[in-house]
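Values below: all heavy atoms of this structure, side chains included; hydrogens, waters and symmetry mates excluded. Quick caveat, the model's predicted, so the values are computed rather than measured.
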Amino acid sequence: MMPELKLRILKLDESSRYELDPERLAALQNLRRQFPNLPLDRNEFNQALNQVQRWASLSRFFQTTVTLHEALVTRQWAFAEADADASGRIAIYRAVQEIDLTHPGLFKSTSPKLADIAYLDSRYIAYSNARAEALAALADILYKVPGMRTGKRLPLDEVALGVPNPPDDVPRHLYIARLDALGICTRERLEAFLRDELPKFSPEKKRQFDNMRLRPHYGKEPYAALLVWLLENRPIFEHKQFAWQWGDIQSAAAEKGINCPSTSLKQWACLNRLRLRVKRGPTTVDDSRIVRSKPLLSPAPVFGDVLKSATA
């Protein structure tokens, strides 16, 4: 569509020489009613149009997430499986939950301003980035264990596939064993592997599989699940409206049964190069904002109990 026609569509410039059929004209009149606050002059038209399209895209994405994929989101939110990861759907689900709390009615608005659209986009990006950081930390738990990587690229029929994306030198049988050790391999995937692939393995490969499967506590970091959870919830802890402090974070983690260091969580975070921009200063007496935002936190990672038993 030519820019002049797009401009006439959104401004409904009746003096334009372009003709619109009644159906399109009705649709565009409805569009103008939905977005009456957008500055649609010739200089800002493209920016405004892109923002409108972004709002519509995120809105549809959220609606399909809630109506079709909510069970998937709530299951994967806790890293309960590694076959796939609906990172984008988790991000939009959490972003809208937060916005409904901090800006009631904004997401349901039929005439959002450009600032509203930009804010929704920024919170979606924040949760998307947080999920990516959490998955990277989970990758360390999965792949940085003795004997997990061969050091050379494997053929496609041997390489592991899953989430987080395995390096190309991780054998599939060791990847499945590691997932099972942490309790995040889906039953269907494990049963299919045990039935169709394992019987064909050499005694040596079977021994490797059993050793990896029965030893989940590789590594010296007993708080790996805590790190994943902190990264996943960074947008909440750093939100200025909620005013989280290190003590509040440690209490919330303990309430969810996540293994935490008995000493300063802030000190532990520094040692692990985790930088959270949380509220500084003396402990806040009024914790109403903390209580209000706690329901936004993700559940404890399902593999946390497995790792916690290493320190029992």
Side-chain angles (χ1 to χ4, degrees), residues 64-91 93-94 131-132 134-149 154 156-219 222 224-229 232 256-259 297-310 312:
T64 57
T65 296
V66 171
T67 57
L68 302 176
H69 304 289
E70 190 165 14
L72 173 69
V73 165
T74 53
R75 184 173 68 252
Q76 292 189 353
W77 195 359
F79 301 95
E81 60 188 35
D83 292 349
D85 190 78
S87 299
R89 294 196 181 278
I90 293 171
Y93 185 82
R94 300 191 72 188
R131 186 69 178 181
L135 286 171
L138 176 58
D140 287 344
I141 301 171
L142 286 172
Y143 309 129
K144 288 189 177 181
V145 295
M148 187 69 173
R149 302 180 63 171
L154 295 170
L156 290 178
D157 60 344
E158 295 182 23
V159 72
L161 297 174
V163 178
N165 188 34
D168 58 14
D169 62 346
V170 173
R172 185 166 60 253
H173 69 290
L174 295 184
Y175 174 63
I176 297 294
R178 184 68 176 145
L179 293 181
D180 187 41
L182 293 174
I184 57 177
C185 189
T186 57
R187 185 185 63 183
E188 295 80 7
R189 187 175 192 180
L190 179 62
E191 289 178 349
F193 177 83
L194 296 176
R195 181 186 65 245
D196 301 333
E197 297 188 51
L198 188 63
K200 303 175 184 177
F201 286 175
S202 67
E204 175 62 18
K205 289 185 71 172
K206 289 180 179 178
R207 183 187 63 78
Q208 293 174 354
F209 176 80
D210 289 337
N211 286 343
M212 187 67 70
R213 187 183 186 189
L214 298 175
R215 297 175 60 191
H217 302 143
Y218 283 129
L226 172 65
L227 178 61
V228 171
W229 183 78
E232 176 84 346
K256 291 181 176 292
I258 301 173
N259 200 31
L297 296 174
S298 65
V302 297
F303 55 83
D305 288 340
V306 174
L307 299 177
K308 183 167 58 177
S309 63

### Query
In this structure, are over 12 heavy atoms from other groups packed under 6.0 Å from Leu156 atom CG?
no

### Task
Quick one: pull up CG in Asp168 and CZ in Arg149 and give me the separation to the nearest 0.5 Å.
7.5 Å

### Query
Heavy atoms, side chains only, cut-off 4.5 Å: are Leu142 and Val170 in contact?
no

### Query
Can you name the closest pair of heavy atoms from Phe79 and Val302 and give their distance?
O-CG2, 3.3 Å

### Query
Looking only at heavy atoms, which two atoms of Val73 and Thr65 are closest? And how far apart?
CG2-CG2, 3.7 Å

### Message
Would the distance check show the side chain of Tyr93 and the main-chain N or O of Thr74 forming a donor-acceptor pair, the cut-off being under 3.5 Å?
### Response
no

### Query
Should Val163 and Leu135 count as side-chain neighbours, where that means a heavy-atom distance under 4.5 Å?
yes

### Query
Which heavy-atom pair separates Trp77 from Pro299 by the least distance, and what is that distance?
CD2-CD, 3.8 Å

### Message
Ignoring hydrogens, what is the shortest heavy-atom contact between Lys256 and Ala300? Give both atom names and the distance.
### Response
O-CB, 3.7 Å

Would you list the atom pairs, donor with acceptor, under 3.5 Å between side chains in residues 190-199 and any protein atom, with sequence neighbours excluded?
residue : atom : partner : partner atom : Å
Glu197  : OE1  : Arg172  : NE           : 3.2
Glu197  : OE1  : Arg172  : NH2          : 3.0

### Check: Pro171 and Leu154 side chains under 4.5 Å, non-hydrogen atoms
yes

### Task
Over all heavy atoms of both residues, which pair between Val306 and Ala181 is shortest? Give the atoms and the distance, please.
CG1-O, 3.5 Å

#### Entry: Test item: Arg178 side-chain N/O and Ile141 main-chain N/O as donor-acceptor pair under 3.5 Å
yes

## Note on the structure
Minimal heavy-atom distance between Pro164 and Leu138, with the atoms involved, is CD-CD2, 3.8 Å

